Amino acid sequence: MKPMEASDDRYTLNFQNNTVYLAGDIDVKDPQRVLGKFLMTLHEQIKEDKLSEINVNVQKLGFINSIGIKEITRWVLLVDELEMENKYIINFILQANLQWQQLTFTSIKWLNEKYIKLIEKDD
Amino acid sequence: MVTSDYSLKKIKEKKTILSFSMYPLWEMVPLVRHQIKRILLLIVGDVALVDKIAMSASELLENSVKYTNHDQITFRLDYQKRLQYIDLTVANKSTVRHAKQLLSLVKAMKTKDQESFYLQKLMEKHVDQTISHKGIARINYETGQIIKMSYNKEKWLTVKLRFTLLEEKV
């Protein structure tokens, strides 16, 4: 898949080597404008390339508001709606010492337990 | 009303850490959240708890900015050293309709499991995102705190949360 990048006032999105890097603070009023659009494009490309797995590194994500969570939720639920052979696994890579990331992404995992994995890293 | 010396003393022990009014401008919310976090870290040793308070403040202020029909939002953080808690209070003027929606949401939250209520909110597909109230459900789930809400005759909607401290710095 081709690298992709996007940014808003307070956060950046970068896709390379099968990993999306989410960094900064997603606390804007309309995350659907950049984050939502990015995830929808990514989802279409993953389907097209028939990928079975993708990583989302949020170690440098400082904050995400509930509207931002909704955009990630929308993506996760889209994966769930795919035909079995097109479904793919999303590995969220979390910063080990950030408890808020555990709390926030654990609830997202519950939406699609089979296809979402949480991996903690300490670097 | 008769107030005992003990309760008077308790009231005096409650100190306001931060109190301000702000214009309902979205771009101010992240600035406020960062400052709240920095200020609380001077008092509270538990970083995870500070993150929860800052997240709650941010979600409540975002709600206030979105829904208020007035040009002021009030914010307050109070610290009770002896009883070891921090109260977070956010208030804004609101329409009766919106206040009723929120009050019934809070009432519904009390009767349901916090986790399943939040998941249900996350899965809802709202065409009009302004009425989803996912932020309130998130606070309820991620902090585990009881959200107290009131609405008065002057149409001020007040939301209050109490966080118990396990570790303090000062």
Side-chain angles (χ1 to χ4, degrees), chain A residues 8-11 23-37 39-40 58-59 61-81 90 92 94-113 115-116 120 122, chain B residues 24-34 36-38 46-67 113-145 166:
Chain A
D8 206 339
D9 289 347
R10 303 179 45 79
Y11 64 93
D25 291 342
I26 303 176
D27 49 19
V28 294
K29 196 176 185 175
D30 50 357
Q32 63 274 23
R33 195 171 57 83
V34 176
L35 174 66
K37 200 174 160 192
L39 294 177
M40 290 310 107
V58 296
Q59 285 179 283
L61 184 67
F63 182 77
I64 183 165
N65 61 12
S66 55
I67 329 171
I69 293 172
K70 185 185 161 46
E71 293 307 316
I72 295 180
T73 301
R74 196 199 302 268
W75 175 37
V76 161
L77 293 174
L78 276 179
V79 177
D80 199 40
E81 286 170 10
I90 305 172
F92 284 104
L94 317 177
Q95 181 59 37
N97 58 349
L98 293 179
Q99 202 190 325
W100 78 263
Q101 289 195 349
Q102 277 290 333
L103 272 171
T104 298
F105 286 91
T106 298
S107 59
I108 293 171
K109 179 182 163 62
W110 283 330
L111 296 170
N112 194 347
E113 276 205 82
Y115 289 90
I116 295 177
E120 277 188 54
D122 191 9
Chain B
L25 184 68
W26 189 277
E27 288 72 15
M28 284 170 69
V29 178
L31 302 175
V32 170
R33 189 185 69 247
H34 281 292
I36 290 168
K37 210 171 153 175
R38 289 174 68 177
D46 182 346
V47 179
L49 181 67
V50 169
D51 277 338
K52 284 179 186 175
I53 300 172
M55 180 277 291
S56 304
S58 187
E59 293 286 359
L60 292 177
L61 288 170
E62 283 185 5
N63 269 1
S64 292
V65 169
K66 273 198 278 187
Y67 302 124
D113 165 56
Q114 290 166 327
E115 183 184 300
S116 52
F117 187 81
Y118 180 48
L119 289 182
Q120 182 194 323
K121 279 277 156 200
L122 281 181
M123 291 174 84
E124 279 176 5
K125 288 178 181 173
H126 280 272
V127 179
D128 178 4
Q129 291 194 8
T130 60
I131 56 162
S132 71
H133 299 310
K134 286 184 175 63
I136 296 281
R138 180 191 189 188
I139 293 170
N140 184 47
Y141 162 69
E142 288 195 11
T143 70
Q145 302 300 315
L166 297 173

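If you're wondering where the values come from, they're calculated on a predicted model, not measured in any experiment. Values below: every heavy atom of this structure, side chains too, minus hydrogens, waters and symmetry copies. Just so we're on the same page: letters track the sequence lines, and every chain starts at 1.
Across all their heavy atoms, B:R138 and A:I64 have their closest contact at NH1-O, 2.7 Å. Across B:L119 and A:W110, no two heavy atoms sit closer than the pair CD1-CB, 3.8 Å. B:H34 approaches A:D25 most closely through the heavy-atom pair NE2-OD2, 3.0 Å. In terms of heavy-atom proximity, A:N65 sits nearest to B:W26 at ND2-CZ2, 4.0 Å. Here the closest non-hydrogen pair linking B:P30 and A:R10 is CB-NH2, 3.5 Å.
Between B:E115 and A:S107, the side chains place no donor N or O within less than 3.5 Å of an acceptor N or O (distance only, hydrogens not considered).
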Worksheet item: Stepwise, does the side chain to side chain donor-acceptor pair (under 3.5 Å) test hold for B:D51 with A:Q99?
Response: CA-CA 9 Å; B:D51 277 338; A:Q99 202 190 325; over 6 Å; no
Practice prompt. Go through A:I67 and B:E62 one step at a time and tell me if the side-chain contact (heavy atoms from CB on, under 4.5 Å) criterion holds.
Written response: CA-CA 10 Å; A:I67 329 171; B:E62 283 185 5; 4.3 Å; yes
Worksheet item: So A:F63 and B:R33, side-chain contact (heavy atoms from CB on, under 4.5 Å) or not? Walk me through it.
Response: CA-CA 10 Å; A:F63 182 77; B:R33 189 185 69 247; 3.4 Å; yes
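Looking at B:E142, the atoms closer than 4.5 Å to chain A (heavy atoms on both sides) sit in the backbone and in the side chain alike. In this structure, the portion of A:L77 lying under 4.5 Å from any heavy atom of chain B is its side chain and not its backbone.
With chain B as the partner, the residue from A:I69, A:T104, A:L111, A:T73 showing the most heavy-atom pairs under 4.5 Å is A:T104.
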